[in-house]
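Remember, it's a predicted structure, so these values are computed and weren't measured experimentally. Indexing begins at 1, ligand by ligand and atom by atom, following the structure's order.
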Amino acid sequence: MALELAPSPALAPLASERPRAFSGIQPSGIVHLGNDLGAVRNYVRLQYDYDAIYCIVDYHALTTTHDGTLLRERTREMAASLLALGLDPEHCTLFVQSDRPEHTELAWLLATVTPVSWLERTPTYKEKKLNQPDDVNHGLLTYPVLQAADIVIYKATVVPVGRDQAAHLELSREIVRAFNARYGPTFPEPQAVFTDAPVVLGTDGVRKMSKSIGNTIDIFGAPELIRKQVMSMVTDTKRILRTDPGRPAVCNVCQLHRHFGADYEEIWDGERTARTGCVDTKKLLAERIIAYYAPARERYLELISKPAMVDEVLAAGAARLKPLAEATLAEVHAKMGLR
Ligand code: AQP
């Protein structure tokens, strides 16, 4: 079936009577299971009831990625991934952050109401300082201010994210309160919304699934890769022998089965009674993940072979947002006393 994605450049204006949702995702390579279960599923769901705006945050990616060619490729790949996973340009606006430079201007304005101490205590800043000690750039510190600008420039009230973003969202709310207190009511306080899997653990079964840790399951990877990643998963560490009863509540493989079949309780029962071993449960999970994502993977591969189509969607998205971003900036300029 031919893919028909590109909307006409004269997209309808955003329907202002609907509440607005916004979220950003980094163009940092592969899309993993944590991204989908923790956030992208909600992007797809919300697009039907909200004015949903989704942004590929390449400005943010510059804090960790310094290869221009790679960043450009990954930005398009992320767009193709999101479209393949179900974002529909007729129901949402998908664009690239650097195509709307008003975000960075608003970030500067918001920075003037944001105490440095708020930024220094951000958990991700502390983490990144440890992870990239030779590159503690200013962008890492000020990242949450840009994130707040991304959201509030469209006056979004709902932000679908994984739980790892909760602290950033709280900071966005504090920045909004600080701005509104100084210059009068301007921005609504955005609320995070989570899926039923707000923190997906990685293959190590301990830490959040994350590309920088390298504990991911790559949903658009080749089936052999997905099998290898799932088979490497750490299960219940107290289940040493095949005959030991398993504990589904602490087994990451069992927990992930919840998202890939209505029969997960039966699978858990098999583990609890040691009827099934961890290897069987992992094999089944791998096959289910492969089958579940196969249609999206096919769409992804097709989209990535048609870059012009993807670029057109992104350009139309950015064009559609221009009046909104400019209106917010004009309002902020007036309130702050800028000419
Ligand atoms: N493990 C996860 N569980 C639940 N939600 C998650 N998200 C990411 N990992 C998990 C959510 O996915 C959205 C996009 O996140 P991002 O832009 O931070 O993307 P990422 O770069 O893919 O996240 P990583 O892998 O954790 O990146 P690194 O390792 O580079 O820091 C967000 O809503 C996020 O909450």
message: Need the ligand 1 atom indices (1-based, order shown) with element for anything under 4.0 Å from a heavy-atom of S28.
response: 21 (O)

message: Taking D135 first and then K128, would you say they form a salt bridge - that is, a charged N and a carboxylate O separated by under 4.0 Å?
response: no

message: Quick one about D150 and Y59 (side-chain donor to acceptor, distance below 3.5 Å, no hydrogens or angles considered), yes or no?
response: no

- request: Identify, for atom 4 (C) of ligand 1, the protein heavy atom at the shortest distance, and state residue, atom and that distance.
  value: P198 O, 3.2 Å

field: Heteroatom distance test (K211, ligand 1): nitrogen or oxygen, under 3.5 angstrom
entry: yes

query: Using 4.0 Å as the upper bound for N to carboxylate O, is an ion pair formed by R177 and E170?
result: yes

- request: Could you check atom 13 (C) of ligand 1 against the protein and tell me its nearest heavy-atom contact, residue, atom and distance included?
  value: A39 CB, 3.8 Å

- prompt: Given Q26, R41, K128, R207, which one has a non-hydrogen atom that is nearest to atom 31 (O) of ligand 1?
  reply: K128

task: Give the numbers and elements of all ligand 1 atoms closer than 4.0 Å to a heavy atom of G38.
output: 4 (C), 5 (N)

- request: Around atom 28 (P) of ligand 1, find the nearest protein heavy atom and jot down its residue, atom name and distance.
  value: S212 OG, 3.5 Å

- prompt: Using a side-chain heavy atom cutoff under 4.5 Å and only I, L, V, M, F, W and Y, what cluster partners does I213 have?
  reply: none

message: I need the nearest protein heavy-atom contact for atom 8 (C) of ligand 1: residue, atom name and distance, please.
response: N35 ND2, 3.3 Å

- line: heavy-atom search around atom 35 (O) of ligand 1 in the protein gives D164 OD1, 2.5 Å

statement: To atom 26 (O) of ligand 1, the nearest of H32, K208, Q165 on a heavy-atom basis is K208

query: Tell me, which protein residue and heavy-atom name are nearest atom 14 (C) of ligand 1, and how many Å apart are they?
result: I25 CG1, 3.5 Å

message: Below the 3.5 angstrom mark, is there an N/O of G162, backbone or side chain, next to an N/O of ligand 1?
response: yes

Proximity to ligand 1 by part of S23, non-hydrogen separation under 4.0 Å: neither

- prompt: Q229 side chain to D218 main-chain N or O, any donor-acceptor pair under 3.5 Å?
  reply: yes

message: Taking the basic N atoms (NZ, or NE/NH1/NH2) and the acidic carboxylate oxygens, is any pair closer than 4.0 Å for E174 and R121?
response: yes

query: Who else is in the cluster with V279 when I, L, V, M, F, W and Y are joined by side-chain contacts under 4.5 Å?
result: M231

task: Check whether the side chains of D88 and Q47 place a donor and an acceptor atom closer than 3.5 Å, and report yes or no.
output: no

- line: atom 27 (O) of ligand 1 has as its nearest protein heavy atom S210 OG, 4.0 Å

- request: Measure up the F95 and Y154 rings against each other and bin them: parallel (under 30°), tilted (30 to 60°), perpendicular (over 60°).
  value: perpendicular

message: Counting only heavy atoms, tell me which of I30, V200, T195 gets closest to atom 3 (N) of ligand 1.
response: V200

Shortest protein heavy-atom distance from atom 6 (C) of ligand 1, along with the residue and atom involved: G34 O, 3.4 Å

query: R18 and D49: salt bridge (charged side-chain N to carboxylate O under 4.0 Å, His left out), yes or no, with the steps?
result: CA-CA 7 Å; R18 289 197 301 173; D49 298 319; over 6 Å; no

